[in-house]
Trainee: 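Below is a structure I'd like to ask you about.
In what follows, chains carry the letters A, B, and so on, assigned in the order in which the sequence lines appear, proteins first and then strands, with residues in each chain numbered from 1.
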Amino acid sequence: MADYTSLEQIRLQKIADLRAAGVEPYPTRAERTHTSAQAVAALDAVAKDSQVTEQISATLAGRIRATRPMGKLTFAHIEDGAGKIQLFLRVNELGPEKMEFFSKFFDIGDFIQASGTLMRTKTGEATLLVREYKMLAKAVSPLPAAKDETLEDGSVVRHAALEDPELRARRRYADLAVNPHIRENFRKRAAITKAIRAFLDANDFLEVETPILQPLYGGAAARPFTTHHNELNQDMYLRISFELYLKRLLVGNLERVYEIGRDFRNEGVSFKHNPEFTQLEFYAAYFDYQKVMELTEAMIGYVCDTVFGTREFAFDKDENTHYELDFSAPWQRIEMRQGILATSGIDIAEHPTAESLFQAIVTRHPDKKPDPHITRGKLIDFLLGEFLEPTLIQPTFLYDYPRDISPLAKPKPGDPLTVERFEGYVAGFELCNAFTELNDPLDQEQRFLDMQSDYRDDEEEKNPLDEDYLRAMRYGMPPNGGFGMGMERLTMLLTNNRTIREVMLFPALRKED
RNA sequence: GGGCGUGUAGCUCAAUGGCAGAGCAGCGGCCUUUUAAGCCGUUUGUUGAGGGUUCGAGCCCCUCCACGCUCACCA
């Protein structure tokens, strides 16, 4: 049983007293004729200069966010899904009993239904002059009630707003209830997802759903979550990517497919990582990575235009780092080799082996400590992260990646160490990852085998060999380009949120106690 | 997993090793156009948990827990 605070015990007593007085604190039915915004609009539609307008009757419903009792009258603000509106309760309309009942039993956080006529106060604020009211749902726990102070210049200062990041994440319901800008983040996130769908649908992509529970995992270098199916008596994995299933569909003559859904990666948590996140992947037959770059520019541009009406976005990386991002096409394109050469002084083309590249790194940058046992591709990735990545602020396609860290990408013609792959970088972190997909079943099989030997057995991101995927590819897979992007990362960039937590409703946290 | 930091009332925050406080919220009273309404009065605490040092610990030490920043990890 819950431990109730003294504040909660008072409210529990109010619930008991309400029931004793024959008033149900959680009635089953509710009514409303106007949202707060509709009520304001209805009032705006009539003459604005009359003190008491022609009578517009309205029934509103919402949550009490503030009360200002002054003797025989009380002002209150209620909030509904459309915004806030003021209530005006006065003994003249309600009579002394209902006035007293309101002040005795209604608290901030309660849901109320109020009927009356719309009016303007002497300051001009649209207000419901209440003639009847009804408790819709009594709140037991007090909302962390912030107070908004409107200064003379019109700016709003919040006092005692719920800010503790842990409390806000654990009790997202309370966070959402009292912090309207948090609700707005998630409205924007939904609009972004919707725009992505609209764009891909309009470009003849078919939205599909592939297994989340998989007998094998693959398509990314990540450790999976493992679970078990009792009846089948076999271990299952939560997917770490959609890639291998979506590309099976290209074998089946579905030329353009996409999926938006959850991926699960059993790895660390950071400002840009959560164990489960929403991924977009699409695959298009007869595309190569150049065409995917162009489609990416168009897709992100479409999202910017339709959701935000601009392609320029402010992004505060941290308190002292402020970026103005421009998503206009074309994005900057940087070849991996040139980018690493420019930022680290090392030409990876001159070092075709891991040993040679390792020596070059420790010679030129003695302060850096790459793991001496990793592959050439991972050393290149090390250089990327250390030197190049932090410089990629404006939207940039970094292209042509090492083969050994890209087992599903197609080789660059004439360059056996390099594959046709790009990643989109914005504000110094990875937004998306794409390549010309490998469709040669014999090469693919060799890549799987190479990975078995390149990775130590205890490296948990070592992917198992997916025999059925190879079998699918042997039936013939059209040349195609594929793309993956974390939807939270895109949302972070477009809504100026520097942590993934702010764009996920329920980010992963350790359990309490 | 490592390093640094934070944890005090429902919320936001104070408190040289010396009586645990403020504003808001709450409760009682006054107040018929307020909007952080105002005025008077007043309550609220396992100071994250446990142990230690000390005459005395919110404060110093140790262990643990949660969160934050950061590093590692994350093709």
Side-chain angles (χ1 to χ4, degrees), chain A residues 3-11 13 51 65-77 84 86-93 99 104 107-109 119-125 127 129 139-151 156-171 174 178 219-223 240-241 265-275 318-319 369 371 374-375 377-378 380-382 384-385 401-409 419 421 423 430 433 435 451 454-455 459-463 498-499 501 509-513:
Chain A
D3 289 329
Y4 290 106
T5 66
S6 58
L7 296 182
E8 289 167 335
Q9 286 169 12
I10 290 167
R11 295 197 181 193
Q13 187 59 51
Q51 177 74 16
R65 290 297 310 279
T67 59
R68 291 179 293 280
M70 349 186 7
K72 293 184 174 56
L73 61 82
T74 290
F75 288 97
H77 270 99
K84 283 188 192 175
Q86 183 167 255
L87 302 185
F88 185 16
L89 299 99
R90 198 167 56 169
V91 71
N92 309 41
E93 285 76 28
M99 265 322 282
K104 185 169 183 184
D107 291 297
I108 292 171
M119 56 165 283
R120 286 187 193 281
T121 62
K122 73 178 186 186
T123 60
E125 180 169 355
T127 299
L129 181 60
V140 174
S141 302
L143 277 185
K147 286 202 168 187
D148 294 336
E149 179 181 13
T150 306
L151 301 178
V156 175
V157 179
R158 306 209 80 201
H159 298 273
L162 180 66
E163 285 176 343
D164 181 79
E166 180 178 359
L167 260 185
R168 287 186 45 231
R170 287 196 191 279
R171 303 186 194 174
V178 301
R223 289 149 63 184
I240 59 173
S241 83
R265 298 186 180 179
N266 203 342
E267 287 164 355
V269 177
S270 78
F271 75 94
K272 56 182 175 174
H273 295 90
N274 193 72
D318 57 52
E319 285 176 10
K369 300 277 188 292
D371 182 340
I374 58 180
T375 63
K378 286 196 167 190
I380 292 171
D381 196 50
F382 175 85
L384 165 63
Y401 275 63
R403 178 180 185 275
D404 73 77
I405 58 171
S406 312
L408 301 164
V419 293
R421 171 182 175 186
E423 291 187 332
E430 179 192 341
N433 180 23
F435 26 92
M451 189 161 54
D454 285 349
Y455 285 61
E459 282 185 278
E460 294 188 54
E461 73 269 26
K462 173 178 175 174
N463 277 205
R498 77 176 86 142
T499 75
R501 222 175 30 237
L509 292 169
R510 281 195 175 81
K511 68 178 178 184
E512 295 180 87
D513 303 330

Trainee: The side chain of A:Arg501 is closest to which nucleotide in this list: B:U33, B:G68, B:C67?
Mentor: B:G68
Trainee: Looking at every strand, decide which applies to A:Phe88 at a 4.0 Å heavy-atom threshold: base, sugar-phosphate, or nothing.
Mentor: base
Trainee: Could I get the full list of salt bridge (charged side-chain N to carboxylate O under 4.0 Å, His left out) partners for A:Glu8, not counting sequence neighbours?
Mentor: none
Trainee: What distance, rounded to whole Å, do you find between the two P atoms, one in B:C62 and one in B:U6?
Mentor: 14 Å
Trainee: Provide the full list of salt bridge (Lys or Arg N to Asp or Glu O under 4.0 Å) pairs with a residue in residues 65-74 of chain A, sequence neighbours left out, each pair given once.
Mentor: A:Arg65-A:Glu79
Trainee: Using whole Å, report how far CZ of A:Arg11 lies from C1' of B:G26.
Mentor: 8 Å
Trainee: Just how far, in rounded Å, is C1' of B:G68 from CZ of A:Arg168?
Mentor: 13 Å
Trainee: Please classify the nucleic acid contact of A:Pro407 as base, sugar-phosphate, or nothing, using heavy-atom distances under 4.0 Å.
Mentor: base
Trainee: Taking A:Thr123 for its side chain and A:Thr121 for its backbone only, find out whether a donor-acceptor pair lies under 3.5 Å.
Mentor: no
Trainee: In whole angstroms, how far is the C1' atom of B:A36 from the NZ atom of A:Lys84?
Mentor: 11 Å
Trainee: Check every atom of B:U32, B:C67, B:U35 against the side chain of A:Gln86 and return the nucleotide holding the closest atom.
Mentor: B:U35
Trainee: How would you label the contact of A:Ala161 with the nucleic acid (heavy atoms, under 4.0 Å): base, sugar-phosphate, or nothing?
Mentor: sugar-phosphate
Trainee: Counting only heavy atoms not in A:Arg90, do more than 12 fall under 6.0 Å of its CZ?
Mentor: yes
Trainee: Return the value, rounded to whole Å, for the distance between atom CE of A:Met99 and atom C1' of B:C31.
Mentor: 12 Å
Trainee: Quickly work out the A:Asn274 CG to B:C73 P distance and round it to whole Å.
Mentor: 20 Å
Trainee: From B:C74, B:U32, B:U35, pick the nucleotide closest to the side chain of A:Thr121?
Mentor: B:U35
Trainee: Could you write nucleotides 2-10 of chain B as a row of B, S and -, 5' to 3', where a protein heavy atom under 4.0 Å of any base atom gives B, of only sugar-phosphate atoms gives S, and otherwise -?
Mentor: --------B
Trainee: Counting heavy atoms from C-beta on, name the nucleotide in B:G26, B:A75, B:A37 closest to the side chain of A:Lys147.
Mentor: B:A37
Trainee: Closest nucleotide of RNA chain B for A:Arg510 versus for A:Glu430: which of these residues is on the 5' side?
Mentor: A:Arg510
Trainee: Just how far, in rounded Å, is P of B:C30 from CG of A:Leu73?
Mentor: 14 Å
Trainee: Under the 3.5 Å rule, do the base of B:U35 and the side chain of A:Glu149 count as making a donor-acceptor pair?
Mentor: no
Trainee: Taking atom P of B:C24 as reference, at what distance in whole Å does atom CD1 of A:Ile108 sit?
Mentor: 13 Å
Trainee: Tell me which nucleotide, if any, is Watson-Crick or G-U wobble paired with B:A20 when both distances must be under 3.5 Å.
Mentor: none
Trainee: Please work out if A:Gly219 contacts a base, only the sugar-phosphate, or nothing of the nucleic acid, heavy-atom cut-off 4.0 Å.
Mentor: base
Trainee: Residues two or more places apart in sequence or in another chain: which of them pass salt bridge (charged side-chain N to carboxylate O under 4.0 Å, His left out) with A:Glu163?
Mentor: none
Trainee: Given B:A36, B:C74, B:C13, identify the nucleotide with an atom nearest to the side chain of A:Glu163.
Mentor: B:C13
Trainee: Choosing from B:U35, B:C69, B:U32, which nucleotide comes nearest the side chain of A:His77?
Mentor: B:U35
Trainee: Rounded to whole Å, how long is the line connecting atom CZ of A:Arg68 with atom C1' of B:G38?
Mentor: 13 Å
Trainee: Compare all side-chain heavy atoms of A:Ile405 with those of A:Arg421 and state whether any distance is below 4.5 angstrom.
Mentor: yes
Trainee: With the side chain of A:Thr150 defined as its heavy atoms from C-beta on, choose the nearest nucleotide among B:A36, B:U32, B:C74.
Mentor: B:A36
Trainee: Excluding sequence neighbours, so at least two apart, what forms salt bridge (charged side-chain N to carboxylate O under 4.0 Å, His left out) with A:Arg501?
Mentor: none
Trainee: Using the side-chain contact (heavy atoms from CB on, under 4.5 Å) criterion, which residues pair with A:Lys104? Sequence neighbours excluded.
Mentor: none
